[in-house]
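Positions are given from 1 along the sequence. As a basis for the values below, the full set of heavy atoms in this structure was taken, side chains included, without hydrogen atoms, waters or symmetry mates.
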Amino acid sequence: MFDLLLRRARLVDDTLTDIAIQDGKIAALGDISAPAKSIVELNGKTYVSAGWIDSHVHCYPKSPIYHDEPDSVGIATGVTTVIDAGSTGADDVDDFWQLTRKASTDVYALLNISRVGLIAQNELANMDNIDADAVRDAVKRRPDFIVGLKARMSSSVVGENGITPLDRAKAMQKENGDLPLMVHIGNNPPNLDEIAERLSAGDIITHCYNGKPNRILTPAGELRASVTRALQRGVRLDVGHGTASFSFAVAQRAIAMGILPHTISSDIYCRNRIDGPVRSLASVMSKFLSIGMTLTQVIDCVTANAADGLRLAHKGRLTTGLDADLTLFTLKHEPVVMVDAEKESLQVDNILVPLAAVRAGKGYMTEQGSAENAFNF
């Protein structure tokens, strides 16, 4: 007998399947007749994908600048896994780890290369904070929690240090088993060309569609040559919408040229969740549906692609033996005006509405699903 059986789930390719869950893992897919302790009838009307993964959030509750609760940005919005992108450094990552043990959402961290983390906007302005020994020790202490490193490479963060913090980050990466390195791009210096030329396969450029002068597009609207070369080497693009790092115009132009993101992420924290422009990962995903990406492409960006980029081999796909993390959602035709980080607006005709999530085999209603009394787990 299975623990949970979802009957006639609609996949993003519109095929229907049953999904059986046992002991927190996906146990079977297909036409399933075996009994289960709990059965949820979806009747082919509700989409089910692997659990959504938000590759860039800020959910360390004690962070003085960008903070939130993991479940507020995670399970309550249909997101089963979140990766905090640099809120904590070596000094406070253990405290963050301890706090996440209470969360229903699965939480991981990209360790800030500054040992003090995001306690101020300029955490890389003091080179003494970039402590390779502290990073090495933290990674050894929390190998199952720290899935990569984070370096914020914009002028307000690095101060007078220019590109040097990134050189340090690359050395740390090499010393720690070539963990994925996520690099924030913003205002220069350092110039994006300097940053891109230092990145290697598996590194992640976040805020890839920001509208700042130091963006991935030239003034003529073409992709910078340095970014083209980086992509050819296997560097990955992450959205990281955030309060100030996403432009409809840049994203539309890039996508029209075939420069799609590898991962769609929110860069969410309490303020841009409540006041916008982010709101939720589903909201960010809906924006990309409206500017030229297919549903399959969008879902891949928050499931398989996200799992691959952060080496979460047990997540991201509807495959037997993997974690029973699922997101149940609908695609609602409802014209809504959304805004980007440049305060530009766009009418979005179809929105993704997460109704429920299954995390390690346990069902949770989202905020929208609870309001609609969608399912009874």
Side-chain angles (χ1 to χ4, degrees), residues 55-56 85 150-158 162-163 165-166 180-267 272 276-278 281 283-294 297-298 300-302 305-306 309 338-348:
S55 300
H56 184 162
K150 174 73 180 293
R152 300 199 311 140
M153 296 303 300
S154 57
S155 58
S156 61
V157 180
V158 302
I163 200 68
L166 182 57
L181 171 64
M182 179 181 282
V183 179
H184 154 124
I185 59 171
N187 290 317
N188 59 327
N191 189 274
L192 178 55
D193 294 331
E194 285 186 280
I195 295 169
E197 294 295 5
R198 284 166 167 78
L199 302 183
S200 51
D203 290 345
I204 302 163
I205 294 174
T206 192
H207 309 313
C208 66
Y209 300 132
N210 77 63
K212 299 169 185 176
N214 198 34
R215 58 178 176 254
I216 65 170
L217 300 182
T218 68
E222 299 303 317
L223 189 66
R224 288 188 189 221
S226 63
V227 177
T228 297
R229 290 191 291 271
L231 293 175
Q232 290 169 345
R233 292 194 301 274
V235 173
R236 301 168 69 88
L237 298 180
D238 175 65
V239 170
H241 186 305
T243 304
S245 299
F246 175 70
S247 162
F248 281 132
V250 173
Q252 286 172 310
R253 173 64 180 166
I255 289 169
M257 293 190 293
I259 311 303
L260 274 63
H262 295 88
T263 48
I264 295 173
S265 67
S266 65
D267 187 18
N272 65 31
V278 176
L281 180 61
S283 177
V284 178
M285 293 161 66
S286 299
K287 293 176 183 181
F288 279 86
L289 276 180
S290 75
I291 57 176
M293 290 179 65
T294 67
Q297 289 171 331
V298 167
D300 281 349
C301 282
V302 299
N305 293 0
M338 292 185 170
V339 296
D340 64 8
E342 305 289 315
K343 296 183 171 59
E344 296 295 327
S345 60
L346 182 73
Q347 180 173 303
V348 175

Could you tell me if the side chain of [Y] sits less than 4.5 Å from the side chain of [X], heavy atoms only?
X: I204; Y: V183; answer: no
X: T243; Y: V278; answer: no
X: P261; Y: F288; answer: yes
X: R233; Y: D203; answer: no
X: S283; Y: M338; answer: yes
X: L181; Y: L166; answer: yes
X: N305; Y: I264; answer: no
X: M153; Y: I185; answer: no

Where do [X] and [Y] come nearest, in terms of heavy atoms and distance?
X: G240; Y: S245; answer: O-CB, 3.7 Å
X: V339; Y: K287; answer: O-NZ, 2.6 Å
X: P277; Y: A341; answer: CG-CA, 4.3 Å
X: P180; Y: G309; answer: CG-O, 3.6 Å
X: F248; Y: S345; answer: CE1-C, 4.2 Å
X: V235; Y: S200; answer: CG2-O, 3.5 Å

Backbone N/O of E344 and side chain of D340: donor-acceptor pair under 3.5 Å:
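Judged by distance alone, yes, a pair lies under 3.5 Å.
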When you measure from the side chain of N188 to the backbone of N214, do you find a donor-acceptor pair of N or O atoms at a distance under 3.5 Å?
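Checked: no pair found.
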Which residues satisfy the side chain to side chain donor-acceptor pair (under 3.5 Å) test with [X], sequence neighbours excluded?
X: S265; answer: D238
X: R215; answer: none
X: S286; answer: none
X: D300; answer: none

Kindly list each side-chain donor-acceptor pair under 3.5 angstrom involving residues 190-197, sequence neighbours excluded, with atom names and distances?
from	atom 1	to	atom 2	distance (Å)
N191	OD1	D193	N	2.8
N191	OD1	R224	NH1	3.3
D193	OD1	R224	NH1	3.3
D193	OD1	S226	OG	2.5
D193	OD2	R224	NH1	3.4
E194	OE1	N191	N	3.4
E197	OE2	R229	NE	3.0
E197	OE2	R229	NH2	2.3

Qualifying residues under side chain to side chain contact (heavy atoms under 4.5 Å, CB included), relative to [X], sequence neighbours excluded:
X: S156; value: S154
X: D267; value: H56, H58, H207
X: S290; value: L346, V348
X: L260; value: I255, M293, Q297

Just to verify, what does R152 make a salt bridge (charged side-chain N to carboxylate O under 4.0 Å, His left out) with, not counting sequence neighbours?
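With sequence neighbours excluded, R152 shows a salt bridge (charged side-chain N to carboxylate O under 4.0 Å, His left out) to E123, given in chain and number order.
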Could you please spell out the steps behind the side chain to side chain contact (heavy atoms under 4.5 Å, CB included) verdict for I259 and L231?
CA-CA 9 Å; I259 311 303; L231 293 175; 4.3 Å; yes
From M182 CE over to S55 OG, what is the distance, rounded to the nearest 0.5 angstrom?
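Nearest 0.5 Å value for the CE-OG distance: 6.0 Å.
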Within residues 211-233 or reaching into it, pairs that qualify as ring-ring contact (aromatic ring centres under 6.0 Å, His included) - sequence neighbours excluded:
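Passing the test, one end in residues 211-233: no pairs.
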Any chance you could lay out the side chain to side chain contact (heavy atoms under 4.5 Å, CB included) test for L199 and I205, step after step, and finish with the verdict?
CA-CA 9 Å; L199 302 183; I205 294 174; 3.5 Å; yes
Mind running salt bridge (charged side-chain N to carboxylate O under 4.0 Å, His left out) on K212 and E342 for me, showing each step along the way?
CA-CA 9 Å; K212 299 169 185 176; E342 305 289 315; over 6 Å; no
According to ring-ring contact (aromatic ring centres under 6.0 Å, His included), who are the partners of H241, at least two apart in sequence or on a separate chain?
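For H241 the ring-ring contact (aromatic ring centres under 6.0 Å, His included) partners, ignoring immediate neighbours, are F246.
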